[in-house]
Each structure stands twice: as C-alpha cells, then as structure tokens.
Amino acid sequence: MDQDYLPEKVEKDAQDYWDKHQAFKVTEDPAREKFYCLSMFPYPSGKLHMGHVRNYTIGDVITRYQRLQGRNVLQPMGWDAFGLPAENAAMANGVPPAKWTYDNIAYMKKQLRSLGFAIDWGRELATCQPEYYKWNQWLFLRMLEKGIAYKKTGVVNWDPVDRTVLANEQVIDGRGWRTGALIEKREIPMYYLAITRYAEELLADLEQLPEWPERVRTMQANWIGKSVGVRFAFPYQLEGKDEKLWVFTTRADTIMGVTFCAVAAEHPLATHAAKNNPELAAFIEECKAGSVMEADLATMEKKGLPTGINVTHPLTGEPVPVWVGNYVLMGYGEGAVMAVPAHDERDFHFADHYKLPIKQVITNGIEIQRKRGSDFLGSDYAHYDFNDKHWKAWYADKENGLCINSGKFDGMTYNEAVDAIAAELKAKGLGKKQTMWRLRDWGISRQRYWGCPIPIIHCDRCGDVPVPDDNLPVVLPEDCVPDGTGNPLNKRTDFVDCVCPKCGQPARRETDTLDTFVDSSWYYARYCCPDNGAAMVDNRVKYWMPVDQYIGGIEHAILHLLYSRFWWKVMRDLGLVRGPEPFKRLLTQGMVLNEIFFRKPASGRITYFNPAEVEIRTDDKGGRLGAVLKSDGLPVESGGMGTMSKSKNNGVDPQSLIEQYGADTSRLFMMFASPPEMTLEWSDEGVAGASRFLRRLWKLVAEHVNQGLTAKRDFSSLPSALKDLRRQAHQTLAKVTDDIGRRRTFNTAIASVMELLNSVAKLDVHSTPARAVRQEALEIAVLALSPIVPHVCHSLWRSLGHEEAVIDARWPKPDDAALKQESLEIVVQVNGKLRGRVTVPAGASDEETVSYALADANIQRFIQGKELKKKIVVPGKLVNIVVAG
RNA sequence: GCCGAAGUGGUGAAAUUGGUAUACACGCUACCUUGAGGUGGUAGUGGCGAAAGCCGUGUGGGUUCGAGUCCCACCUUCGGCACCA
C-alpha cells in the first residue's frame with residue numbers, strides 16, 4: 001500500500017467502486033429487514049452550505065451503520081425546488097426561475113456526489129417536475145371533495161407601490177423590501193386546508209413518537225395549543241336588532257371581573273362603529289398597517305380606542321364598553337376578548353393606560369398568602385406594581401384562588417366557578433364549555449409564480465370548478481421571468497385562458513400556486529415509487545414507510561413536521577397509505593456557526609470580513625488577545641458566533657474544503673466537533689486536526705501491513721499489556737456500537753477510536769501475538785470509522801487483507817472474553833471528597849470493598865479519630881465514607 | 001411578547017441512571033527532527049499554593065452522604081412564531 005494518505009486518489013477509487021457495483025441501489029425485499037434513512041431534502045439555492053454537509057453526513061453515517069447491521073437500507077435524495085429565492089434570482093439576473101433552479105440542482109448534485117454519500121440516486125426527484133407536482137394537485141382535489149380544502153379570506157402583506165403580495169421575509173420594519181413603502185394588511189380569498197380537523201389526533205399521536213426529541217413534541221403540543229374554556233356571548237342591540245358579541249375564555253371564573261371587551265380592528269362590530277366615527281376609522285386603518293407577523297403584533301405597543309358601543313354582561317346585566325384593541329387578533333378565536341384587568345396582565349396594562357375600571361374577583365389563596373406573608377394585592381391597585389414578578393406567579397396560580405365580589409359564586413374554586421358559570425350561561429342560551437385550538441387552518445394559496453399551480457378554473461357561470469383528473473397536471477410554464485410586480489402568470493394568456501370543464505364556455509385559470517410546504521409534506525412517500533406515472537403512491541410505500549430515521553434542522557421542528565404529519569394522515573384516510581405517523585425517529589440537527597468579524601467606521605457602513613481573512617492573536621498560554629485582518633495587520637472586532645450567512649460574510653464553502661482536504665476530512669470534522677443536536681462552531685484548526693488524524697491512521701495501518709498481516713489466532717493466553725489492548729479494542733467496539741446505534745453521538749464514538757489508536761501506536765510490537773492483537777485492533781478501528789470516513793476505510797480495509805469491500809462487512813459483536821477484567825479500580829471518598837483509589841478483585845462484595853478502602857493509608861489519615869457514620873458503596877465504582885465533624 | 005433549547009479550561013467539547021469534573025481534539029509552551037513546511041515526534045498545560053491541600057461547571061438560593069446532572073428564582077445567547085425554506 002501507499003506510504004502516504006492521498007485523499008484525492010483514495011476517494012476516487014472508493015467512489016468508482018461504489019458506482020461500478022451500484023452499491024447503494026436498493027429494491028424492496030420482504031425477506032430482509034428494511035431501514036429507511038431520510039434527510040430533509042435541500043432547497044437548490046446555488047451551492048451546498050455547511051448545514052447541508054452536516055445534515056447529509058449524519059444521515060450517511062446512520063445509513064452506512066445500518067447497512068453494516070445487515071439491513072436493506074434506503075437513503076434517497078431530491079430537491080425542494082419551488083420557492084421564493086428562484087424568483088428573487090430571476091429579478092436580479094433576468095434568468096427564468098426554472099433554468100436557475102435546474103442549473104443549481106446539477107451543480108449541487110455534483111457536490112453531493114463528491115462527498116461520497118450512500119444515496120440511491122435512481123430515486124431522485126424534484127418538486128418542480130410536473131410528474132411530481134401532478135400529485136399535489138390530485139390530492140388537493142381529493143381534499144376539496146372531502147371538504148378538507150376550502151376557500152375563505154385571509155390576511156396578507158400588501159405592497160401598495162409594487163401592487164403585490166409580499167412574504168413576511170420581504171417586509172422589513174413594516175416596509176416593502178424593494179419599494180420601502182409602508183405595508184398594509186389586506187384580505188384576499190385563499191384556499192385553506194382544515195388541519196384543525198386533525199388537531200386532536202395530531203396532539204394525541206405525539207404519544208406514539210417516543211423516539212422524537214422531547215422538545216420537538218413539546219413545541220408541537222404547544223403549537224397545537226389545546227385549551228378547554230367557555231365560549232359565550234355579550235348581547236347588545238345594534239340599530240334596533242339583537243346581536244351577540246362572542247368571546248372565548250379559559251378563565252370563566254373571572255367573568256364577574258369583566259370591565260370591558262376588546263375586538264380586533266377587522267371585527268364587524270369595529271367596522272360598524274367606525275362608520276360614523278372618523279377617529280375610530282383612522283385608528284382601524286392604522287391597525288391595518290404593518291406586517292401580519294405574530295412576533296411583531298405581540299411586541300408592539302398596546303393601543304385601543306372605544307367604539308362607543310356597550311354590550312350587556314351576560315350574568316350581571318351591566319353595560320360593558322367595547323374597545324378596539326390592536327393586540328386582539330382576528331384570526332384567533334372569535335376576534336374578540338373579554339377583559340379582566342385585575343387578573344390578566346395584558347388587560348391590566350391596557351386598563352391602566354386608558355383609566356378603565358379594575359375589579360378584583362379572585363382572592364389570594366391561603367397557600368399563596370402563607371408564601372408571600374400577606375394578601376399583598378389588597379384592594380387598592382394604585383399601590384401595586386404589576387411588573388412585580390410575584391403578581392404574575394399569583395395570577396398564574398389558578399389552584400389556590402377563590403372567587404370574591406362575585407355574588408353567588410363567592411368562595412368557589414377555579415373548577416367550581418367555571419362549572420357553575422358555564423352552566424348558568426348555558427341555561428341562558430349564551431354560551432357553553434368548549435375546546436379551543438391555537439392551531440389555525442393552513443392557508444396554502446400563494447400569489448407567486450414559481451410554485452405548483454392550484455388546479456382550479458374560474459367560470460363566470462359555474463364558479464370555481466376543479467380541473468378534471470384527466471387534465472392533470474396543470475403544467476406551470478417554465479419560461480416566465482418575475483419582475484417584482486406580481487405574479488407573471490397573470491399576464492400569460494396562454495396559461496390563464498381556458499374553457500370551463502363544466503359548461504365549455506371561456507374561463508380563467510387560477511394563477512395562485514401552492515405553498516411550498518405542500519411539496520415537502522409527502523416527498524418521503526414518493527421516494528418509494530418515484531417512477532409511478534399512474535398513481536401517487538403504490539405498494540412499495542408499504543414496504544419502506546414509515547421513515548425509520550428522519551434528520552433535519554431544528555428550525556423545522558414545528559411547521560414542516562406538523563404539515564407532513566397532517567398530510568400523511570389525510571393520505572391514510574384516503575386509503576393511500578397505512579400507519580399513523582410518517583417519521584418513526586427524528587434527529588434535529590443543530591446549526592453550523594462561524595465567528596463574525598467586522599469593522600465599524602465612525603461614519604458609514606459596517607464591513608464584514610470572512611474568518612479566513614482574519615488572524616487571531618494569542619498570548620503565550622493560548623488565551624486570545626485580539627483579531628487582525630491578515631491583509632493590513634490592523635484590528636477587527638468580533639461579533640461572536642452566528643449562523644453562516646452571506647450578509648455576515650462568515651460562510652465557509654464546502655467545495656474548497658473538499659478540494660483542499662477531501663470529503664473524509666470534512667465529514668470527520670463535522671461529526672467530531674460536536675454532537676449532532678447541538679450547534680457546531682466552525683474551526684479551521686479543527687479541520688486540520690481531522691486531516692492529521694486520518695494521516696496518522698493511514699500511517700499506522702501502513703506500518704502494520706508492511707510488517708506482514710497476521711491470520712486469526714488464539715488470544716487465550718496473552719501478556720497483560722496485550723490483554724489490556726485487546727480489552728480496550730472490544731470496549732471501543734461496544735462504545736461505538738452504542739454511540740452510533742442508540743445515542744447518535746458520533747463525536748464520542750470518534751473520540752473512543754482515537755483513544756484506541758493512541759494505545760495501538762504506543763504498543764511495542766516485537767512478537768507474533770502482538771501483531772495479531774494489533775491487526776484485530778486496527779480492523780475494529782477501521783470498521784468502526786467506516787460509516788464516518790467511508791473512502792479511507794474502503795482502502796484500509798482492503799489493505800488489512802479483506803477480499804470483500806468494507807461496505808459489505810458485518811458489524812461484529814464485542815468478545816465477552818476480551819472484555820473480562822480481573823480487578824477493578826475503586827474511587828474512595830471521605831464525606832464526598834475524593835481521597836484515594838484502591839484496586840479490588842472483580843466481584844468483591846460491598847463489605848470487602850469497604851475493607852479495602854479502609855485499609856488505604858491516605859483514607860486512614862482522613863478518618864482517624866472520627867466517628868464513622870455511614871458507608872456508601874456504588875458497586876464496581878465508588879466508596880463514600882461519611883464521618884462526623 | 002409567547003413557545004422551545006443552550007451556558008463546563010485559552011477553544012470545540014466529555015462526564016449515558018445523582019457517584020472520580022475537564023475524556024478526545026484544537027490552541028499554547030519547551031525540546032528534538034527535516035534543506036523547507038498547514039511536516040513528524042517527546043514532554044507539559046483549570047486557578048491558587050513550597051507542599052498538604054483549597055477553590056472551581058452562567059448568577060443566587062435549596063435538596064442530598066454526594067449535584068455539571070434534581071428543585072426554585074434570575075441573567076445571557078440561540079431556534080420557532082403560521083408567506084424564508
């Protein structure tokens with residue numbers, strides 16, 4: 001074998017071998033256990049970024065490990081090819097989104113191949129292909145038939161200058177990103193999917209996903225947001241007619257403390273009140289300015305104006321004024337809320353600001369009084385600081401409060417009061433208990449070109465007519481170039497003009513396209529049968545699904561994963577697939593960060609410098625002194641770690657990394673630098689270290705091979721140094737098996753192999769048994785590393801004398817005989833502090849272990865003359881001797 | 001604002017079930033090696049201390065024989081918030 005590690009040659013050889021043998025092409029084989037390993041497919045933005053490399057390396061390590069376990073492993077790849085960036089690129093360069101996208105796919109595919117992933121490329125798909133999105137359209141029509149898809153108005157960001165709808169991302173500080181115009185909220189008709197129909201099941205089935213990260217399940221549960229409360233009405237009269245203002249509350253126990261109601265700016269009551277009230281009309285207009293993002297709405301200053309309309313309290317009959325509040329959302333609940341300033345923080349601040357009455361109706365519970373020392377709330381609100389954290393804790397504590405100032409409800413607990421009040425409202429026909437969801441139906445219409453056309457035809461006579469299945473797909477013309485002034489499809493008469501499928505008269509085709517989340521909600525199923533032109537899915541899906549391991553960014557923890565779960569359940573209800581959930585196990589990978597360097601001149605713009613152009617100055621202990629730009633030697637400031645981005649100029653191009661060090665080094669660094677779920681901080685030194693390790697590994701194997709390979713031999717009587725190394729080798733195998741197979745902590749798996757190789761390097765090899773032990777240790781190391789650095793291991797496995805390729809090897813079980821130990825080192829503590837170590841025979845009893853510990857000279861020093869109170873033994877590990885004083 | 005995480009040496013991190021804090025690697029220091037180096041090697045490397053030892057896991061409390069790990073409060077950073085994907 002070569003004396004030097006030449007990654008370029010090694011990687012080409014391995015990849016040529018895999019290609020020649022079609023090593024990663026898989027077919028359904030019911031006789032074999034399957035494993036479906038899926039990474040979230042990339043958006044073809046131009047070139048791979050480090051996040052992709054990390055994601056797909058994690059997937060590849062698991063894929064190759066499962067293959068070594070003997071399973072039939074599917075790892076597919078495709079392209080989430082529709083979306084906004086293609087339109088932005090078109091605006092910037094005048095290139096049609098289709099061409100831009102296909103060019104990007106070709107380039108990125110080349111990059112993925114150079115990383116040596118064990119992908120079955122025969123199943124590649126792109127969501128912008130009519131063969132794929134035909135089935136988006138087909139399933140949309142099925143949903144329409146079942147009433148899951150429906151039409152209603154929705155709020156969008158409207159740029160009045162470009163006269164176009166903007167994505168949230170395109171609204172910066174309430175203004176259009178291209179025009180700078182103030183953005184308005186505008187209501188337009190859109191299609192929705194009734195995901196709320198599945199809310200109960202989507203929540204309940206989280207229980208069936210024990211192998212999902214706890215945090216993701218919690219986030220999804222909170223997002224779905226089930227709350228049980230009371231929906232009830234405040235009656236009022238409007239122009240002589242009886243009307244009702246409906247609200248929902250989870251705190252019906254505080255209903256006697258209502259001092260006003262607040263409605264959203266878009267609420268019909270507000271619209272009506274504004275007719276003869278110019279000030280209110282102006283305020284409503286003001287509320288309609290700005291973005292539709294919830295984060296913006298939640299952080300803006302709470303403002304309101306009275307409508308002049310009073311409604312009647314359903315229980316007391318007292319008049320209650322109605323205000324318009326900018327913090328009330330039309331899209332959530334009834335678009336109106338009851339306000340109880342004494343017991344809701346937001347209501348309090350609003351009432352405080354506008355001098356509205358505050359009425360306390362819950363007393364502090366006895367427990368709370370005990371905790372706080374007094375009834376601190378008292379009756380005089382003027383003396384109370386509502387920013388005080390104790391007040392928040394008190395309010396949140398429903399358990400201990402009792403109703404006061406509430407007439408016949410006085411003295412009731414939360415549950416009693418809610419039941420009694422709900423019953424009374426029900427008796428009056430003004431409300432009842434109800435379940436409410438935070439989850440909203442999924443708006444899927446986008447006023448954009450580069451997406452899947454919605455298969456609807458608008459006819460003046462017949463209304464909105466679905467495109468017949470025979471006419472699918474509705475093909476998106478691929479030669480449009482968006483210019484920022486709206487959807488170019490509107491100008492394409494060859495697309496828009498059509499005949500009504502019902503009456504045959506001229507009609508107009510819908511030009512809105514589907515949300516790209518639709519494309520990504522079922523691609524995992526299509527990978528099982530990408531070549532089926534006649535059906536969305538077929539029997540092959542039953543073999544491969546569910547996905548055994550899904551890997552993707554934590555940023556997808558809610559939306560993509562929730563939409564996919566919903567879509568899967570809809571497909572199941574249509575009889576297309578089986579099983580409750582599409583993704584059995586989920587790994588949410590952390591982001592890839594790099595340091596941000598910049599200079600901020602006294603006047604003018606910040607300049608960002610790529611970390612590659614910056615040199616770090618250190619003191620002689622390695623502590624950091626500062627950073628200077630390599631080109632001029634002058635200092636630059638550090639902005640800390642941030643996700644790799646163009647705007648901060650802190651990206652590292654995977655391509656140059658692969659060219660400089662090779663795919664294996666890139667993969668090794670990515671897997672070694674931190675565990676997959678955590679953020680990964682980029683480090684050029686770390687990459688160099690990974691490269692150095694591979695060179696060392698190569699040298700170690702080459703040295704061994706050049707001294708001659710050894711055959712398998714009897715290890716039963718070895719000198720202790722060799723026995724120790726053999727034990728370490730098998731311990732390493734056990735640890736790597738657990739780390740890759742169960743824990744998915746690739747960093748610690750690599751560290752343990754490094755330790756093994758450090759021991760191998762230190763071993764004096766001057767006998768045949770020593771060479772045999774070394775051969776075994778090297779084989780374990782190479783096989784254990786092969787999922788992570790497959791190219792170099794392909795080569796080294798051959799050099800170690802194997803006919804078969806390492807990808808076709810079987811993962812061995814650790815040898816129990818090798819793992820056996822005759823004595824153990826026990827840690828001895830006195831009063832919990834480490835005071836010594838003793839060696840005890842394996843299998844010693846607790847009493848024996850303690851006597852060994854007590855016999856230790858240093859331990860005696862610490863316990864001498866003191867009363868022995870307690871002896872705690874953790875078998876095989878630790879003894880803690882507790883003494884008085 | 002709401003929901004979810006994270007914080008350990010000079011740095012990335014390890015410590016899996018409450019049981020040896022800092023494995024592995026980077027960096028740094030000293031020495032050796034090569035004509036040269038993004039070379040290879042040896043030794044050292046949490047702080048204080050002569051030593052015994054003491055102190056150390058964002059901050060402040062608590063539980064325990066024992067806390068990085070559990071509980072309470074807080075600080076900072078990051079992810080998501082429904083039209084970025």
Side-chain angles (χ1 to χ4, degrees), chain A residues 40 42-43 45 80 83-85 154 156-157 165-171 213-216 218-219 221-223 225 292-300 327 331 346 389 393 438-440 442-443 445-448 515-517 520 553-560 562-563 588 590-591 593 616 618-624 640-643 660 672-675 677-686 688-693 695-696 699 738-739 742-743 745 747-748 750-755 758 825-829 831-834 837 869-872 874 877-878 880-883:
Chain A
M40 290 182 187
Y43 178 79
S45 55
D80 189 11
L84 202 52
V156 293
N157 301 305
V165 174
L166 296 186
N168 283 338
E169 180 186 63
Q170 299 171 315
V171 180
E214 182 70 39
R215 57 173 167 163
V216 175
T218 307
M219 278 194 267
N222 290 339
W223 184 263
V292 300
M293 285 174 71
E294 194 183 308
D296 291 344
L297 296 171
T299 48
M300 73 188 173
Y327 65 95
R346 198 173 48 182
K389 59 185 184 242
R438 207 188 76 94
L439 181 68
R440 308 200 290 263
W442 175 13
S445 291
R446 296 290 178 271
Q447 297 69 45
R448 264 182 270 293
D515 180 4
T516 55
F517 273 123
S520 56
I554 181 67
E555 66 275 18
H556 296 288
I558 297 176
L559 290 179
H560 162 65
L562 193 65
Y563 291 148
T588 50
M591 306 240 161
L593 310 181
I616 306 294
T618 60
D619 60 27
D620 59 9
K621 284 182 173 179
R624 184 157 169 175
M641 287 286 169
T643 52
Q660 193 180 350
F672 182 59
S674 78
E677 310 240 37
M678 278 172 57
T679 53
L680 183 149
E681 298 188 15
W682 192 259
S683 147
D684 285 331
E685 292 77 22
S691 165
R692 206 149 47 216
F693 170 74
R695 273 202 304 271
R696 216 156 40 214
K699 233 179 71 180
D738 191 46
D739 282 353
R742 180 181 65 90
R743 297 175 69 208
T745 51
N747 55 330
T748 52
I750 294 165
S752 69
V753 178
M754 284 177 171
E755 286 180 77
N758 287 345
E825 191 179 65
I826 301 288
V827 167
V828 186
Q829 298 179 332
N831 286 349
K833 280 189 201 276
L834 176 67
R837 292 158 209 272
K869 297 185 88 171
K870 214 179 198 180
K871 288 165 257 175
I872 290 153
V874 181
K877 266 195 169 170
L878 170 145
N880 187 15
I881 296 159
V882 185
V883 293

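Just so we're on the same page: letters track the sequence lines, and every chain starts at 1.
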From the options [options], select the nucleotide whose nearest atom is closest to the side chain of [X].
X        : options                : answer
A:Glu294 : B:rC84, B:rU16, B:rA82 : B:rA82
A:Pro85  : B:rC84, B:rC81, B:rU16 : B:rC84
A:Ile558 : B:rG80, B:rA13, B:rU16 : B:rG80
A:Glu681 : B:rG12, B:rC84, B:rG19 : B:rG12

Please classify the nucleic acid contact of [X] as base, sugar-phosphate, or nothing, using heavy-atom distances under 4.0 Å.
X        : result
A:Trp223 : base
A:Phe517 : base
A:Leu439 : base
A:Gln447 : base
A:Thr745 : nothing
A:Val882 : sugar-phosphate
A:Arg695 : sugar-phosphate
A:Pro42  : nothing
A:Leu84  : sugar-phosphate
A:Val753 : nothing
A:Asn168 : sugar-phosphate
A:Lys833 : sugar-phosphate
A:Ala557 : nothing
A:His560 : nothing

Taking the same atom, [atom1], in [N] and in [M], what whole-Å distance lies between them?
N      : M      : atom1 : value
B:rU8  : B:rA52 : P     : 30 Å
B:rU59 : B:rC24 : C1'   : 30 Å
B:rU64 : B:rA25 : C1'   : 35 Å
B:rG61 : B:rG80 : P     : 36 Å
B:rC28 : B:rG35 : C1'   : 27 Å
B:rG10 : B:rU22 : P     : 15 Å
B:rC2  : B:rG27 : P     : 44 Å
B:rG79 : B:rG41 : C1'   : 45 Å

Pair A:Thr748, A:Asp739: side-chain N/O donor-acceptor within cut-off below 3.5 Å: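 There is such a pair (donor and acceptor under 3.5 Å, judged by atom type) between the side chains of A:Thr748 and A:Asp739.
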
Any residue meeting side chain to side chain contact (heavy atoms under 4.5 Å, CB included) with A:Gln829, in chain and number order, not counting sequence neighbours: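 Here the qualifying residues are A:Val827, A:Leu878, A:Asn880.
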
Steps toward side-chain contact (heavy atoms from CB on, under 4.5 Å) verdict (A:Trp442, A:Phe517): CA-CA 10 Å; A:Trp442 175 13; A:Phe517 273 123; 3.6 Å; yes

query: Within the modelled atom types, does a donor on one side and an acceptor on the other bring the side chain of A:Arg624 and the base of B:rU11 under 3.5 Å apart?
result: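 Checked by distance alone, the answer is no.
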
- request: Tell me the stems RNA chain B sits in, counting at least three consecutive Watson-Crick or G-U wobble pairs, each under 3.5 Å on both distances.
  value: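 Expected stems, ordered by start: B:1-7 with B:75-81, B:10-12 with B:24-26, B:27-32 with B:40-45, B:46-48 with B:53-55, B:58-62 with B:70-74.
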
Is [X] close enough to [N] that one of its side-chain N or O atoms is under 4.0 Å from OP1 or OP2 there?
X        : N      : value
A:Lys870 : B:rC65 : yes
A:Lys869 : B:rG66 : no
A:Asn222 : B:rG4  : yes
A:Arg743 : B:rA15 : yes

side-chain contact (heavy atoms from CB on, under 4.5 Å) assessment of A:Met641 paired with A:Thr679: CA-CA 10 Å; A:Met641 287 286 169; A:Thr679 53; over 6 Å; no

statement: A correct 5'-to-3' footprint of nucleotides 21-29 of chain B, with B, S and - meaning base, sugar-phosphate only and no protein heavy atom under 4.0 Å, is --BBSSBSS

task: Could you check A:Ile554 against A:Arg215 for side-chain contact (heavy atoms from CB on, under 4.5 Å), going step by step and ending with a plain yes or no?
output: CA-CA 10 Å; A:Ile554 181 67; A:Arg215 57 173 167 163; 3.8 Å; yes

Derivation of the side-chain contact (heavy atoms from CB on, under 4.5 Å) call for A:Asp296 and A:Val171: CA-CA 11 Å; A:Asp296 291 344; A:Val171 180; 6.0 Å; no

task: Mind telling me if B:rG9 is syn or anti? Syn here is a glycosidic angle within 90° of 0.
output: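 Syn, since the glycosidic angle lies within 90° of 0.
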
